[in-house]
Amino acid sequence: MLKEQGAPGMDKTEQLIRSDRSSAGYKGVTPHHGQYIAKCTTPPCHHNYLGIFGIPEEAAQAYLQHDRDNHAEDRMVATAAKADKKQAA
């Protein structure tokens with residue numbers, strides 16, 4: 001299950017994506033030797049490794065920024081396709 005949560009010091013409009021499936025608690029973030037790696041596994045992403053960070057919130061912020069910069073249009077197209085499919089039914 002995913003839900004969004006703001007991190008301390010973040011603008012209220014920016015929301016980190018929480019994930020119950022991630023051991024770090026954020027989508028796209030995994031612990032690695034006391035630090036946290038941010039990576040994107042959303043197809044067809046070619047920017048898999050986003051960086052290594054000291055705290056999970058920083059890694060989650062990097063993932064969020066990458067997601068907004070590279071995948072927002074994909075979500076809009078998918079949402080429009082679902083709406084068209086519903087109207088056709």
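Since this is a predicted model, take the numbers as computed values, not measurements. The first residue of the sequence shown is numbered 1, and numbering continues consecutively from there. Heavy atoms only: backbone and side chains are in, while hydrogens, waters and symmetry mates are out.
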By side chain to side chain contact (heavy atoms under 4.5 Å, CB included) - contacts of Ala60 (at least two apart): Leu16, Tyr26, Val29
Minimum heavy-atom distance between Lys39 and Thr30, given as atom pair plus value: CE-OG1, 4.5 Å
Could you tell me whether the side chain of Tyr63 reaches within less than 4.5 Å of the side chain of Lys27, counting heavy atoms only? yes
Would you please name every residue forming a side chain to side chain contact (heavy atoms under 4.5 Å, CB included) with Ile52, sequence neighbours left out? His32, Gln35, Ile37, Tyr49
Residues Asn48, Thr41; criterion side chain to side chain contact (heavy atoms under 4.5 Å, CB included); working and verdict: CA-CA 6 Å; Asn48 289 333; Thr41 58; 5.6 Å; no
Shortest non-hydrogen separation from Leu64 to Gln15 and the atoms involved: CD2-O, 3.0 Å
Test side chain to side chain donor-acceptor pair (under 3.5 Å) on Asp67 and His71; report intermediate values, then the result. CA-CA 5 Å; Asp67 185 63; His71 301 293; 5.0 Å; no
Can you see which heavy atom on Pro31 is nearest to which on Ala24, and at what distance? CD-CB, 4.1 Å
